[in-house]
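Residue numbers start at 1 and run along the sequence shown.
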Amino acid sequence: MNNKTKAIITDLDRTLLRTDKSISERTKRALEECRKKGILIMAATARPPRDILQFEKMLEPVAVTAANGAVVLLPDKTLTFAIPKESGERIIEKALKYPDVFLSIEMSDGIYSNRDIPEWKPVVYDGFPLLPNETELIKILISSSKRPLYDGIEDILTEDVYYSLAKGDLIQIMKKGATKWNGVKAMLNHFGISQGNAVYFGDDNDDIEPI
């Protein structure tokens with residue numbers, strides 16, 4: 001790629017996608033016009049890689065930053081920034097001490113939860129705080145109807161992770177360095193595109209830094 005190549009990077013939910021998870025015909029036409037002009041289309045999303053396949057045909061991205069930057073899907077390789085097993089189990093153990101906690105973990109082989117969440121279709125797992133297998137821990141998701149979890153969130157984190165708040169009440173815990181912005185930079189670097197030749201669209205806390 002030359003230094004004049006341009007890119008559009010977009011968040012998915014509530015940005016590119018409508019509330020019914022579809023893409024409007026107007027947006028499809030706009031993306032197609034951009035592709036005809038040689039502009040590369042990329043995505044940056046909190047969704048895990050397995051949950052993006054349904055949108056690939058509509059979006060046709062050349063690269064994707066998934067799971068808030070914990071996984072970067074490039075044309076010839078995948079970059080993964082996983083939470084260490086020991087750290088993950090320590091965080092989960094502390095989180096479960098808070099009342100009415102919803103806990104889900106995104107592993108490289110799927111999602112596991114302490115309760116059923118019909119929208120996500122997780123494996124309901126009763127072995128927490130131990131991780132269910134030896135695959136990579138991509139992200140920890142916790143929420144509660146009670147305030148103490150949010151007041152004490154800093155106390156349950158290990159030094160190698162950080163958290164962000166999505167939709168006002170969903171705590172997302174990722175490995176330090178696993179951010180949408182770092183994922184976006186990795187995608188741009190892969191194609192040799194300068195940051196000045198890229199535009200980013202998003203709507204939540206994780207989108208502020210890349211914007």
Side-chain angles (χ1 to χ4, degrees), residues 1-81 104 106 110-111 117-122 138-139 141 143 163-172 174 178-211:
M1 298 290 175
N2 61 57
N3 59 11
K4 293 184 180 180
T5 302
K6 294 179 171 59
I8 293 173
I9 307 104
T10 180
D11 175 40
L12 295 182
D13 295 281
R14 298 178 301 176
T15 301
L16 184 75
L17 303 179
R18 297 185 291 196
T19 54
D20 64 357
K21 309 305 180 186
S22 65
I23 299 178
S24 72
E25 290 302 318
R26 180 182 179 184
T27 299
K28 290 179 184 178
R29 289 194 299 269
L31 290 174
E32 183 57 31
E33 287 301 313
C34 289
R35 277 190 284 267
K36 288 178 181 178
K37 294 178 183 294
I39 299 172
L40 301 186
I41 308 299
M42 307 177 191
T45 177
R47 288 174 177 262
R50 59 178 170 74
D51 205 22
I52 300 170
L53 296 176
Q54 59 184 308
F55 305 111
E56 282 194 332
K57 189 173 182 180
M58 294 186 288
L59 183 58
E60 298 182 29
V62 297
V64 176
T65 291
N68 298 90
V71 181
V72 182
L73 305 172
L74 300 171
D76 58 351
K77 61 183 175 181
T78 298
L79 308 177
T80 303
F81 306 94
S104 297
E106 189 68 51
I111 189 165
I117 306 171
E119 181 182 358
W120 293 358
K121 299 178 181 178
I138 304 302
K139 183 161 64 169
L141 302 163
S143 63
Y163 84 96
S164 68
L165 200 62
K167 301 178 183 178
D169 65 353
L170 180 62
I171 297 168
Q172 304 179 105
M174 284 78 60
T179 66
K180 279 189 175 182
W181 179 221
N182 284 339
V184 167
K185 288 189 288 185
M187 294 191 297
L188 294 177
N189 288 340
H190 178 84
F191 290 99
I193 301 173
S194 69
Q195 294 174 20
N197 282 327
V199 62
Y200 185 94
F201 297 92
D203 74 312
D204 213 336
N205 293 325
D206 296 315
D207 300 304
I208 293 173
E209 190 179 16
I211 287 173

> Residues in salt bridge (charged side-chain N to carboxylate O under 4.0 Å, His left out) with K77, at least two apart?
Replying inline: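 Not a single residue meets the salt bridge (charged side-chain N to carboxylate O under 4.0 Å, His left out) criterion with K77.
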> With sequence neighbours excluded, what pairs up with R18 under the salt bridge (charged side-chain N to carboxylate O under 4.0 Å, His left out) test?
Replying inline: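 Checked R18 against salt bridge (charged side-chain N to carboxylate O under 4.0 Å, His left out); zero matches.
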Heavy-atom closest pair, residues [X] and [Y]:
| X | Y | result |
| --- | --- | --- |
| T10 | T15 | OG1-CG2, 3.7 Å |
| G69 | F81 | O-CD1, 3.5 Å |
| A178 | A70 | CB-CA, 3.7 Å |
| A186 | L74 | O-CD2, 4.4 Å |

Rounded to the nearest 0.5 Å, what separation is found between the [atom1] atom of [X] and the [atom2] atom of [Y]?
| X | Y | atom1 | atom2 | value |
| --- | --- | --- | --- | --- |
| Y200 | I208 | OH | CD1 | 10.5 Å |
| S104 | Q172 | OG | CD | 11.5 Å |
| C34 | R29 | SG | CZ | 13.0 Å |
| I171 | L165 | CD1 | CG | 6.5 Å |
| R50 | I111 | CZ | CD1 | 5.5 Å |
| I193 | L40 | CD1 | CG | 4.5 Å |

Are the side chains of [Y] and [X] in contact, using a 4.5 Å heavy-atom criterion?
| X | Y | answer |
| --- | --- | --- |
| F55 | V64 | no |
| M42 | V184 | no |
| K139 | P48 | no |
| F191 | T5 | no |
| M174 | E106 | no |
| L31 | L16 | yes |
| L12 | L59 | yes |
| I23 | L17 | yes |

> Under the side-chain contact (heavy atoms from CB on, under 4.5 Å) criterion, do T65 and M187 qualify, and how do the steps go?
Replying inline: CA-CA 8 Å; T65 291; M187 294 191 297; 3.3 Å; yes
> Cut-off 3.5 Å, side chains only: do D206 and S164 have a donor facing an acceptor?
Replying inline: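 Yes, side-chain donor-acceptor contact under 3.5 Å.
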>> If the threshold is 4.0 Å, N to carboxylate O, is there a salt bridge linking D207 and K180?
In response: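 Yes, charged N to carboxylate O under 4.0 Å.
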> Is it true that E32 and R35 make a salt bridge, defined as a side-chain N closer than 4.0 Å to a carboxylate O?
Replying inline: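 Between R35 and E32 there is a salt bridge, with a charged N closer than 4.0 Å to a carboxylate O.
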